[in-house]
Amino acid sequence: MKAGTALFVGVSLFFAVCASIYGWFSAEPAGTAVLVVSCLMSALVAFFLWYRHSKDGPLPQDEKEAPVHRTTGPVAFFPPRSAFPVLAAAGTALLGLGAVYGLWLFLIGVGVLAPGVLGFVFQYGARDTRSTHTAGEQNR
């Protein structure tokens, strides 16, 4: 997390410098406000990463010679094939077209999208989740 903290501190400083230069030479307050908000958001991410690093200690990614299996998290179940992504994509496309062409097409899109989303949520809901393991345990 040291590298991520340093990266976002640098980004925050960049936006602070840009905001001060832009605010000095420009009469427009909107651009200055956007740059200040960007500086604050990147400073928030830098603070969060610094806080987690100080609380949790160094991560395996901070080591030069860390083995790969120490840096991975739990490996979950990946379904082999499913029709629900296609159904959800078609429903989303119909929703977008319905916003242009009329309420009737929008309602058809809702009718197509709802089963797609519900299928995503409940397709493997009854599956036993205790079988997840880390990638390091997989190779042992």
Side-chain angles (χ1 to χ4, degrees):
M1 281 210 210
K2 282 181 175 179
T5 304
L7 175 76
F8 277 101
V9 165
V11 169
S12 180
L13 290 175
F14 171 76
F15 280 127
V17 169
C18 287
S20 62
I21 292 172
Y22 188 85
W24 183 264
F25 289 111
S26 176
E28 181 201 14
T32 307
V34 167
L35 289 169
V36 167
V37 168
S38 299
C39 172
L40 292 174
M41 288 189 329
S42 57
L44 179 68
V45 173
F47 174 74
F48 172 76
L49 291 174
W50 169 80
Y51 178 75
R52 293 308 306 172
H53 179 72
S54 66
K55 193 167 185 89
D56 297 339
L59 293 176
Q61 289 90 343
D62 293 331
E63 300 174 18
K64 293 261 187 214
E65 298 294 325
V68 174
H69 69 84
R70 284 193 51 216
T71 62
T72 59
V75 178
F77 170 72
F78 298 100
R81 59 181 68 90
S82 175
F84 295 115
V86 176
L87 195 61
T92 305
L94 286 173
L95 281 177
L97 288 172
V100 173
Y101 291 113
L103 181 64
W104 64 274
L105 192 56
F106 184 84
L107 293 175
I108 292 173
V110 168
V112 173
L113 181 64
V117 170
L118 290 174
F120 263 130
V121 172
F122 296 114
Q123 182 178 14
Y124 295 105
R127 187 177 177 282
D128 184 18
T129 59
R130 290 175 290 173
S131 65
T132 60
H133 52 276
T134 62
E137 294 170 355
Q138 201 172 29
N139 295 332
R140 291 182 194 165

Applying the 4.5 Å side-chain criterion to the ILVMFWY set and letting contacts propagate, would Leu118 and Leu94 be lumped into a single cluster? no
With rounding to the nearest 0.5 Å, note down the distance linking OG1 in Thr32 to CH2 in Trp24. 12.5 Å
Member of Leu105, Val112, Val110 meeting the side chain to side chain contact (heavy atoms under 4.5 Å, CB included) criterion with Leu95: Val110
For residues Phe120 and Phe84, report the shortest heavy-atom separation together with the two atoms involved. CE1-O, 3.9 Å
Could you pull out all residues at least two apart from Ala46 that satisfy side chain to side chain contact (heavy atoms under 4.5 Å, CB included)? Phe8, Val9
Contact summary for Glu28 and Tyr22, nearest pair of heavy atoms: OE1-OH, 2.5 Å
Atom pair CZ (Phe48) and OG1 (Thr5), whose distance is rounded to the nearest 0.5 Å: 10.0 Å
Roughly how far, to the nearest 0.5 Å, is the CG atom of Leu49 from the OG atom of Ser54? 11.0 Å
How long is the span from the CG atom in Leu97 to the OG1 atom in Thr92, to the nearest 0.5 Å? 11.0 Å
Closest heavy-atom pair and its distance - Ser42, Ser12: OG-CA, 3.1 Å
Classify the ring geometry between Trp50 and Phe47 as parallel (under 30°), tilted (30 to 60°) or perpendicular (over 60°). tilted
Leu44 reachable from Met41 in the ILVMFWY side-chain graph, under 4.5 Å edges: no
Distance-minimising heavy-atom pair for Val36 and Ala19: CG2-CB, 3.9 Å
Taking all non-hydrogen atoms of both residues into account, name the closest pair between Leu87 and Gly116 and its distance. CD2-N, 3.7 Å
Spatial distance of atom CG (Leu35) from atom CG (Leu40) [nearest 0.5 Å]: 11.0 Å
Is there a path of hydrophobic side-chain contacts, each under 4.5 Å between heavy atoms of I/L/V/M/F/W/Y residues, joining Val100 to Leu107? no
Minimum heavy-atom separation for Ala88 and Leu113, please, with both atom names. O-CD1, 3.4 Å
